[in-house]
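Here's the structure we're looking at; comments come further down.
What you see is a predicted model, and the numbers here were worked out from it, not measured in a lab. Remember, it's 1-based here, ligands and their atoms both numbered in the order they're listed. Sequential numbering from 1 along the given sequence is applied to the chain's residues.
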Amino acid sequence: MSEPDPPPVAAPVASTPEPAVAAPSVVAVRDLRKTYETPSHQVVALDGVTLSIPAGRFMAIMGASGSGKSTLLHVVGGLTPPTSGTLLVEGNDLARMSDRARTVFRRRRLGIIFQDFNLLPTLSAEENVALPMIMDRKPAEETRRRAREMLSLVHLEHRADHRPDALSGGEQQRVAIARALLNDPAIILADEPTGNLDSRQSLEIWRLMRRVCQEQGKTILMVTHEAHGAAFADEVVVLRDGRIVGTLAPGGSGDASPVAAGYQELAT
Ligand SMILES: Nc1ncnc2c1ncn2[C@@H]1O[C@H](COP(=O)(O)OP(=O)(O)OP(=O)(O)O)[C@@H](O)[C@H]1O
Ligand SMILES: [Mg+2]
């Protein structure tokens with residue numbers, strides 16, 4: 001007697017290649033376009049970008065000046081609306097949210113880091129870190145404890161009382177990273193976080209980002225023009241004229257040479 005056929009489980013579905021945006025991911029972007037209108041002409045900054053960032057992945061974006069890196073980061077962060085395409089962050093369509101809901105989502109679920117640190121000059125390091133919880137009117141004791149915890153994560157507990165002007169550039173960026181981590185965000189978005197730092201401080205920041213990914217399991221999207229920084233990411237996406245032209249996979253090695261060589265080939 002022959003065996004009965006196995007039940008037709010989900011095999012046909014499972015073997016069908018899914019579009020990238022259907023995979024479980026923190027960020028899912030499909031066919032994203034962004035056009036800026038200026039009085040004299042149109043600038044196509046993003047020209048059909050599709051990518052997905054799984055939880056826990058450290059992804060870097062590289063590309064020549066004007067290739068659309070910051071625009072992509074700003075769209076993912078809900079700071080700039082896309083012209084068309086879909087964008088989901090933790091399954092939320094930021095473009096459909098009210099301005100108020102988007103602002104709250106950004107504060108609670110996104111950690112954003114900029115080149116110029118964006119710290120408030122009159123507040124101490126600890127107060128700067130605590131800001132997102134203060135704005136959410138969280139209890140003072142819990143806020144202080146959490147802010148201290150984050151400062152110690154970036155090894156700056158001994159600088160808690162310092163104002164930004166009494167911190168080095170690298171220390172200021174570490175405060176900004178501590179602030180970005182405060183609310184245990186879904187993703188950290190960083191636009192050239194080492195753009196204002198020397199090479200020693202830059203290396204410190206890249207290592208910290210790698211550690212945050214590895215030890216805290218954080219998902220990171222970082223724009224950089226430095227192969228050395230991108231080499232600390234798991235994956236590097238290369239943009240040219242608003243399109244993804246390829247990806248590299250340094251696997252967080254920190255080894256810049258293969259990234260520099262691969263980038264050279266893709267970007268030119
Ligand atoms: N607000 C704006 N209005 C009009 N054009 C813009 C605006 N912002 C960016 N652009 C244009 O869109 C394109 C992409 O800009 P974007 O800032 O994303 O580039 P980038 O890759 O981050 O460059 P860089 O490495 O110099 O920071 C550029 O041609 C830029 O001039
Ligand atoms: Mg930029």
Exercise answer: donor-acceptor pairs, residues 220-229 side-chain atoms, under 3.5 Å, sequence neighbours excluded:
unit_1	atom_1	unit_2	atom_2	d
Thr224	OG1	Glu226	N	3.0
His225	ND1	Glu192	OE1	2.6

Self-check item: Any residue meeting side chain to side chain contact (heavy atoms under 4.5 Å, CB included) with Thr143, in chain and number order, not counting sequence neighbours
Solution: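 With sequence neighbours excluded, Thr143 shows a side chain to side chain contact (heavy atoms under 4.5 Å, CB included) to Ala130, Met133, Ile134, Lys138, given in chain and number order.
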Practice problem: Take atom CD of Glu265 as the centre, draw a 6.0 Å sphere, and report whether it contains more than 12 heavy atoms from other residues, nucleotides or ligands. | Solution: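 Atom CD in Glu265 is not packed in, count stays at 12 or less.
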Quiz item: Counting only heavy atoms not in Asp198, do more than 12 fall under 6.0 Å of its CG?
Solution: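 Correct, the count exceeds 12.
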Exercise. Could you please tell me which protein N, O or S atoms lie under 2.8 Å from the Mg ion (ligand 2)?
Key: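 Under 2.8 Å from the Mg ion (ligand 2) - ignoring waters, which are not counted - the protein N, O or S atoms are Ser70 OG.
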Quiz item: Under a 4.0 Å heavy-atom cut-off, what residues line ligand 1?
Solution: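 If the criterion is a heavy atom under 4.0 Å, then ligand 1 touches Tyr36, Thr38, Val43, Ala45, Ala64, Ser65, Gly66, Ser67, Gly68, Lys69, Ser70, Thr71, Glu192.
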Examine the side chains of [X] and [Y] and answer whether a donor and an acceptor come within less than 3.5 Å of each other.
| X | Y | answer |
| --- | --- | --- |
| Thr83 | Tyr36 | no |
| Asp191 | Ser70 | yes |
| Thr38 | His41 | yes |

Quiz item: Is the shortest distance from a Lys or Arg side-chain nitrogen in Lys218 or Asp184 to a carboxylate oxygen in the other one below 4.0 Å?
Solution: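 Yes, charged N to carboxylate O under 4.0 Å.
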Self-check item: Sole residue of Leu189, Thr80, Leu79 in side-chain contact (heavy atoms from CB on, under 4.5 Å) with Leu73
Solution: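 Going through the options one by one, the only one that passes is Leu189.
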